K.L.:
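After the structure tokens below, expect a handful of questions from me.
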Amino acid sequence: MAEAPAIQVSGMIPESIVDGVGLRFTLFVQGCPHRCEGCHNPQTHSFTGGKALAPEAVFEQIIRNPLCQGVTLSGGEPFAQAAALLPLARLIKRQGLHLCAYSGYTFEQLSALGEKEPAVLALLELCDVLVDGPFLLAERTLERRFVGSRNQRILNVLASLQAGKAVLQEGWQ
């Protein structure tokens, strides 16, 4: 069996309450094709930066805290590293933790991309919540939790996949 590719990691926050509901471990991946103007994490844009870590090494850090309720994949663009993140996402779900991903792609774009790149769809299917859409500086808001601009949606992934269209996540809005 082939070894899983390393995840290019920009940074990690072991205890976050701003990247989703509950106490979460937030993983910031390195590399982003969107390069949104006014991005909160411009240091993650380059695909050549960060540190290569094995999925198991990241998972070991996640489970150190027994109070951790979930994991948030942020960036950078997590779906640009879907194949590398898949083994980690499987470990997270096997541990019974909630999984959220932030993406500059919309749910519709990820669904279409997943038809060509199976790892994208597989990673999406493991997520409980998706915060989708690019950050738009002209739509910047501080009034909504867990999003940076008004165009971004907080979606229930399972319900969205079942419906074949974006379904908002209750309780996160």
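Fair warning: this is a prediction, and the values are worked out from it, not measured in the lab.
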K.L.:
Does Y102 reach the main-chain N or O of G76 with its side chain, forming a donor-acceptor pair under 3.5 Å?
P.N.:
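Flag not set: sc Y102 to bb G76 has no pair under 3.5 Å.
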
K.L.:
Is there a chain of hydrophobic side chains (I, L, V, M, F, W, Y, each step under 4.5 Å between heavy atoms) that links I13 to L23?
P.N.:
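Per the 4.5 Å side-chain linkage, I13 and L23 are not co-clustered.
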
K.L.:
Give me the atom names and distance for the closest heavy-atom approach of A6 to A84.
P.N.:
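Minimum heavy-atom contact is O-CB, 3.4 Å.
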
K.L.:
Would you tell me whether Q69 and H98 have side-chain atoms, one donor and one acceptor, within less than 3.5 Å of each other?
P.N.:
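Distance-only check fails for Q69 and H98.
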
K.L.:
Any donor-acceptor pair under 3.5 Å linking the side-chain atoms of N156 with those of E170?
P.N.:
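No donor-acceptor contact under 3.5 Å links the two side chains.
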
K.L.:
Go through the steps to decide whether V21 and R145 satisfy the test side chain to side chain contact (heavy atoms under 4.5 Å, CB included), and finish with yes or no.
P.N.:
CA-CA 10 Å; V21 172; R145 293 182 346 157; 3.8 Å; yes

K.L.:
Which heavy atom in F25 sits nearest to a heavy atom in P14, and how many Å separate them?
P.N.:
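So the minimum-distance heavy-atom pair works out to CD1-CA, 3.6 Å.
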
K.L.:
Relative to the ring of W172, is the ring of F146 parallel (under 30°), tilted (30 to 60°) or perpendicular (over 60°)?
P.N.:
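Rings of F146 and W172: tilted, as their planes differ by 30° to 60°.
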
K.L.:
Strictly distance-based, threshold 3.5 Å: is any side-chain N or O of N41 a donor or acceptor partner for the main-chain N or O of T44?
P.N.:
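Such a contact is absent between N41 side chain and T44 backbone.
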
K.L.:
Determine the minimum heavy-atom distance between R35 and C32, stating which atoms define it.
P.N.:
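Looking at all heavy atoms of both residues, the closest pair is CG-O, 3.6 Å.
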
K.L.:
Would one find more than 12 heavy atoms of other residues, nucleotides or ligands at under 6.0 Å from atom CZ of R140?
P.N.:
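Incorrect, the count does not exceed 12.
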
K.L.:
Are L130 and F28 linked, directly or through intermediate hydrophobic residues, by side-chain heavy-atom contacts shorter than 4.5 Å (ILVMFWY only)?
P.N.:
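The answer is no; the residues belong to distinct hydrophobic clusters.
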
K.L.:
Does any N or O in the side chain of Q152 come within less than 3.5 Å of the main-chain N or O of G133, such that one atom is a donor and the other an acceptor?
P.N.:
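Yes, the answer is positive, given that a donor and an acceptor are paired below the 3.5 Å cut-off.
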
K.L.:
Strictly by modelled atom types, are T48 and S46 linked by a side-chain donor-acceptor pair under 3.5 Å?
P.N.:
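S46 and T48 do have a side-chain donor-acceptor pair below 3.5 Å.
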
K.L.:
Rounded to the nearest 0.5 Å, how far apart are CG of L27 and CG of L88?
P.N.:
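One finds 6.5 Å between CG of L27 and CG of L88.
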
K.L.:
Do M12 and Q61 have side-chain heavy atoms sitting under 4.5 Å apart?
P.N.:
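Yes, close enough: below the 4.5 Å cut-off.
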
K.L.:
Going through the distances and angles, do D19 and T72 end up as a side chain to side chain donor-acceptor pair (under 3.5 Å)?
P.N.:
CA-CA 6 Å; D19 297 309; T72 297; 5.8 Å; no

K.L.:
Closer than 3.5 angstrom, by distance alone: can the side chain of Q81 be matched with the main-chain N or O of E77 as a donor-acceptor pair?
P.N.:
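No.
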
K.L.:
Search all heavy atoms of L136 against all heavy atoms of S149 and return the closest pair with its distance.
P.N.:
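Looks like N-OG, 3.1 Å.
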
K.L.:
Between S103 and V131, is there a side-chain heavy-atom distance shorter than 4.5 Å?
P.N.:
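Side chain of V131 against side chain of S103, heavy atoms only: no contact under 4.5 Å found.
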
K.L.:
A side-chain contact here means heavy atoms from C-beta on lying under 4.5 Å apart; do F79 and L124 qualify?
P.N.:
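SC-SC contact between F79 and L124 confirmed.
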
K.L.:
If you define the side chain from C-beta out and look only at heavy atoms, does anything of S111 sit under 4.5 Å from E108?
P.N.:
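Not touching, per the 4.5 Å side-chain cut-off.
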
K.L.:
Roughly how far, to the nearest 0.5 Å, is the NE2 atom of H45 from the SG atom of C39?
P.N.:
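Between atom SG of C39 and atom NE2 of H45 there are 3.5 Å.
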
K.L.:
Would you say Q43 has more than 12 foreign heavy atoms packed within less than 6.0 Å of its CD?
P.N.:
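Yes, the 6.0 Å shell around CD holds more than 12 heavy atoms from other groups.
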
K.L.:
L155 and S160: which non-hydrogen atoms are nearest, and at how many Å?
P.N.:
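Closest approach of L155 to S160, heavy atoms only: CB-OG, 4.0 Å.
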
K.L.:
Go through the steps for L158 and Q162 under the test side chain to side chain contact (heavy atoms under 4.5 Å, CB included), then give the verdict.
P.N.:
CA-CA 6 Å; L158 180 59; Q162 289 174 341; 3.7 Å; yes

K.L.:
For C127 and A101, which heavy atoms make the closest approach, and how far apart are they?
P.N.:
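Minimum heavy-atom contact is SG-CB, 3.8 Å.
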
K.L.:
Working to the nearest 0.5 angstrom, can you tell me the gap between I62 CD1 and I92 CD1?
P.N.:
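The CD1 atom of I62 sits 4.0 Å away from the CD1 atom of I92.
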
K.L.:
Counting neighbours of CD1 on I17 that are heavy atoms of other residues, nucleotides or ligands and sit closer than 6.0 Å, is the number greater than 12?
P.N.:
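Count not over threshold, so no.
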
K.L.:
For the residue pair E115 and V120, establish whether any side-chain heavy-atom pair is separated by less than 4.5 Å.
P.N.:
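Counting from C-beta outward, E115 and V120 never come under 4.5 Å.
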
K.L.:
Does the side chain of L161 reach to within under 4.5 Å of the side chain of E125, using non-hydrogen atoms?
P.N.:
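A side-chain contact under 4.5 Å exists here.
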
K.L.:
State the CZ-CG distance between R90 and L85, to the nearest 0.5 angstrom.
P.N.:
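So the gap between those two atoms works out to 11.5 Å.
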
K.L.:
Looking at H34 versus Y105, is the centre-to-centre ring distance below 6.0 Å?
P.N.:
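Yes, they do, as the ring centres are separated by less than 6.0 Å.
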
K.L.:
What distance do Q95 atom CD and C68 atom SG have between them, rounded to the nearest 0.5 Å?
P.N.:
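So the CD of Q95 and the SG of C68 are separated by 9.5 Å.
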
K.L.:
If hydrophobic clusters are built by linking Ile, Leu, Val, Met, Phe, Trp and Tyr wherever their side-chain heavy atoms come under 4.5 Å apart, do L73 and I63 end up in the same one?
P.N.:
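Yes, L73 and I63 fall within the same hydrophobic cluster.
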
K.L.:
Could you check if a side-chain atom of F59 sits within less than 4.5 angstrom of a side-chain atom of P87, using non-hydrogen atoms only?
P.N.:
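No, side chains not in contact.
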
K.L.:
Begin from the C-alpha positions of R24 and S16 and carry the test side chain to side chain donor-acceptor pair (under 3.5 Å) through to its verdict.
P.N.:
CA-CA 5 Å; R24 309 185 72 77; S16 173; over 6 Å; no

K.L.:
Can any side-chain N or O of S10 pair as donor or acceptor with the backbone N or O of G50 at less than 3.5 Å?
P.N.:
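Flag not set: sc S10 to bb G50 has no pair under 3.5 Å.
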
K.L.:
I'd like to know if L110 and F135 are part of one continuous hydrophobic network [Ile/Leu/Val/Met/Phe/Trp/Tyr, side-chain heavy atoms within less than 4.5 Å].
P.N.:
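Different clusters: F135 never reaches L110 through Ile, Leu, Val, Met, Phe, Trp or Tyr contacts under 4.5 Å.
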
K.L.:
Is there a chain of hydrophobic side chains (I, L, V, M, F, W, Y, each step under 4.5 Å between heavy atoms) that links L99 to V18?
P.N.:
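No, L99 does not connect to V18 through the hydrophobic network.
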
K.L.:
In Å, rounded to the nearest 0.5 Å, how long is the span from CD1 of I154 to SG of C100?
P.N.:
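Here the rounded value is 8.0 Å.
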
K.L.:
Using a strict threshold of under 4.0 Å (side-chain N to carboxylate O), is an ion pair present between R153 and D132?
P.N.:
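Yes, this pair counts.
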
